Amino acid sequence: MIEPSNRSTALRLIPRNIATAFICLGLMLPAFGQQPFQTLLVGVDHRTVTSLNGDWHYLVDQSPAHALYTRNGAINDKSYAMNDHPNIVGKHNEEYDFSNAPTLKVPGDWNTQVPQLFNYEGVLWYQRDFDAQPKAGTRTFLHIGAANYRSHVWVNQKRVCDHEGGYSPFDCEVTAVLHAGSNFVVIAVDAARLIDGIPSVGIDWFNYSGITRDVSLVTVPEAFIDDYDIHLAHGLRFEPGNTELTGYVHVLDAPAGTSVTVDIPEAGAKATVKTNAEGNAPFSVKATKLILWSPESPKLYKVSLASGDDKLTDDIGFRDIRVDGTRILLNGKAIFLQGANMHAEAPIRGGRANTDQDVATIFSYLKDLNANFVRLCHYPHDERMTRTADRDGIMVWSEIPNWQGISFDKPEVYAKDVVMLNEMIRRDRNKASVILWSVSNETPNNPTRTKFLINLANEARRLDSTRPITSALNSAHIEGSTATLNDPFADALDVIGINEYIGWYSGAPEDADTMQWTLPQKPILMSEFGAEAKYGNHGATDQRWTEEQQVYVLQHQLAMLNKIPQVRGTIPWILMDFRSPTRNIPKLQDGYNRKGLISEDGKKKQAFELFQKVYKEHSVGKAE
Ligand code: GCU
C-alpha cells in the first residue's frame with residue numbers, strides 16, 4: 001500500500017475511499033515532474049474544446065499483449081507508447097509503426113468497423129498526432145468520453161492516466177507534457193473481460209470495444225470549475241412553490257475565499273459565494289420565478305457559473321423527485337412510469353450508440369411509444385442520451401454494470417464499484433431527467449452480495465441525497481401462482497425493480513393471470529418482462545418466436561401488472577433487439593436478443609403497437 005501523503009496532490013479532490021480505490025487498483029503512475037492528475041470534469045460538453053475525434057491509427061497487440069504488459073504484468077511505458085519508427089534500413093530497432101498503420105474512427109467500437117476485429121476482445125493501440133498551443137496560466141486535460149474496458153494513455157511518451165470501466169468519462173491532465181506545435185497521443189485499450197471486472201465475464205450484451213465516445217482537449221484556467229451541483233432544495237417533504245436552488249460549485253486549486261457566481265437570469269436567481277479550504281463554494285438562492293421540469297414541460301434554464309477567469313454555462317432543469325409510501329412523486333404529484341429498457345446500441349447502423357443521429361432515432365422511438373421513461377441498461381450511456389432526455393422530457397433510470405455475478409467478496413472490486421458510482425453520479429447529477437440511480441441488476445440473493453450492495457446504495461445516498469436509489473431484482477420466488485419477494489437487499493432500496501419472465505423463461509403466459517404477488521410496501525417498477533420474436537416471423541399465439549406470441553405473453557403480463565397495487569411503472573425488456581454473444585439460434589436470433597419491440601434495423605413489431613396503445617390510453621397501472 002503506497003502512503004497517501006506523498007500522493008495527496010493528485011488525489012486530494014477525490015473522496016478518500018475513491019483515492020484508496022485508485023491506490024488499490026495500483027493505478028498510480030510513474031512520476032515525471034508534475035504528478036499526473038486524473039479526474040472527471042463536469043459539464044465538458046458545455047465547454048469550448050478541441051475535438052480529437054476522427055481517424056486514429058491502430059495496431060493490434062494480440063494476447064499476451066507484450067507491447068502493453070511486461071512479463072510480470074506491469075504496464076510497459078517503453079514500447080508502443082514511445083511512438084517510435086522502425087529503421088527499415090540500418091540497425092534493427094522497433095517492429096511497429098503507427099504512421100503507416102490503418103485507421104479506426106474515434107469515437108466508435110472497433111468491432112463494427114473492421115470485420116477481422118468483430119469478435120476481438122484484447123489489446124488494441126490507438127495513436128494520433130495533434131497540434132497544441134499551450135498558453136501560460138492555463139491547464140489542459142485530455143477528455144475521454146468512454147473507452148471499453150481498461151485504458152492506458154500516453155501523451156508525448158509520458159503516461160498521463162489509466163482508467164478501468166467501459167462506460168464512464170475520465171479526464172487526464174496533460175499540461176506538463178504538452179508543447180507548442182505537433183504533439184501525439186497513444187492510448188492502449190484492453191477490452192478483455194475480467195472475473196473481477198464490472199461487469200464480470202458473462203454478459204448478455206455485445207462487448208463493443210475501444211474508444212467508444214468523444215475525445216477532446218479541454219483548456220481551462222489554472223483554477224477552474226471542475227464540479228458543481230445545482231438543484232431544487234430537497235427538504236423532508238415537497239413544498240409546493242419551493243423555489244430555493246442550492247448546491248455547490250467546486251473550483252479546483254482555488255485558494256480559500258475565491259469568489260464564485262451562480263447566475264440564472266431567467267429564474268431571477270443570482271448568488272455570489274466564496275470557496276472554502278477544499279475549493280467548495282456551497283450556495284443557496286431563491287429564484288423569483290421557476291417552472292419545474294417534468295415530461296409535460298421539460299424546462300431547462302441557462303445556468304452560468306463563473307470564478308476568476310473560468311466561465312461555464314450549463315442547461316439545467318429543476319424538479320423534485322421522491323418516494324412517499326408506494327408512490328413516486330414528481331414535483332409532489334404521483335407519477336406512473338411508462339417506459340422501456342434500452343442498450344447503448346445504434347439503431348439500424350449497429351455498434352455502440354454515440355452520435356446525435358443515434359440518440360435522435362432512439363428518442364423518436366420512445367416518443368412514438370408514448371413513453372415517459374427509459375431504463376438505460378445496464379451501464380451509463382453516452383451523455384447525449386441524458387442531455388436529450390432532459391430536453392425531450394423523458395425520465396431516466398441510470399445504472400452501473402453490477403450485472404448478475406460479480407466478485408462481491410473482494411474489497412478491490414468494491415473499490416472499483418465506488419469509482420464507477422462516483423463517475424456516473426458526478427457526470428449526470430445535474431440532469432433533471434435522471435430520477436433514479438441503480439446500483440445493480442439481477443444479483444444473487446446471498447449475504448456477501450447483500451452487504452456489498454447495501455454499502456453501495458448508501459454510498460450513492462451519500463453522494464446524492466436528492467434521488468431515490470433502486471436496483472433490478474430477479475429474486476422473487478415464484479411457486480405455483482404465488483410470487484414472493486424475500487430479498488433483504490430490497491429493504492435498502494427506495495424503489496424496487498423486479499425482473500420476471502413468466503411465459504417466456506418460466507411457465508405459460510396464462511400463469512400470469514392468476515399470479516398473486518407479495519411485495520414490500522414500496523414503489524415497484526416491473527424493470528424487465530417480455531418474450532422473444534423475430535421481426536416478420538408470424539404464427540399462432542402459442543407459437544414461440546412469433547410476433548403474435550410475443551404480444552400474447554405481454555398482454556398477460558400487462559393484465560397481471562395492472563392488478564399489483566404497488567406497481568408504479570412498466571419497463572418491458574427491451575425497446576430494440578440488440579447484439580448478444582449468447583444468442584445463437586440461427587434464423588431466429590443470429591447473435592441478437594430478440595425481445596425488442598423493434599428490430600435492430602428499426603422495424604416495429606406488433607408488440608410495439610401494443611405498448612403504443614397502452615401508453616397512449618394509460619390503460620395499465622395507477623400512479624396512486
Ligand atoms: C435478464 C437481464 C438482461 C437480459 C435479459 C434476457 O433479465 O437483466 O440483461 O438481456 O434478462 O434474458 O433477455
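Whatever order the structure lists ligands and atoms in, that order sets their numbers, starting from 1. Small disclaimer: the values here were computed from a predicted structure and weren't measured.
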List ligand 1 atoms under 4.0 Å from [X], heavy atoms only on the residue side.
X: Asp204; answer: 4 (C), 5 (C), 6 (C), 10 (O), 12 (O), 13 (O)
X: Phe578; answer: 10 (O)
X: His378; answer: 3 (C), 8 (O), 9 (O)
X: Asn593; answer: 6 (C), 10 (O), 13 (O)
X: Arg583; answer: 6 (C), 12 (O), 13 (O)

Q | Passing option when Trp205 is tested against Trp403, Trp573, Phe578 for ring-ring contact (aromatic ring centres under 6.0 Å, His included) | A | Trp403

Q) Could Arg544 and Trp504 be counted as a cation-pi pair, given that NZ or CZ must be under 6.0 Å from the ring centre and within 45° of the axis? A) yes

**Q.** Min N/O separation Lys595 to ligand 1 under 3.5 Å
**A.** yes

Q. Between Glu528 and ligand 1, does any nitrogen or oxygen pair lie at a separation below 3.5 Å?
A. yes

Q. Applying the side-chain contact (heavy atoms from CB on, under 4.5 Å) test to Met560, which of Asp513, Val620, Thr514, Ile502 qualifies?
A. Ile502

Q. side-chain contact (heavy atoms from CB on, under 4.5 Å) with Leu337: which of Val495, Leu330, Val567, Ile435?
A. Ile435

Q: Ignoring hydrogens, just give me the one of Tyr505, Trp573, Tyr501 whose non-hydrogen atom is nearest atom 12 (O) of ligand 1.
A: Tyr505

**Q.** Tyr414-Phe452 aromatic ring centre distance below 6.0 Å
**A.** yes

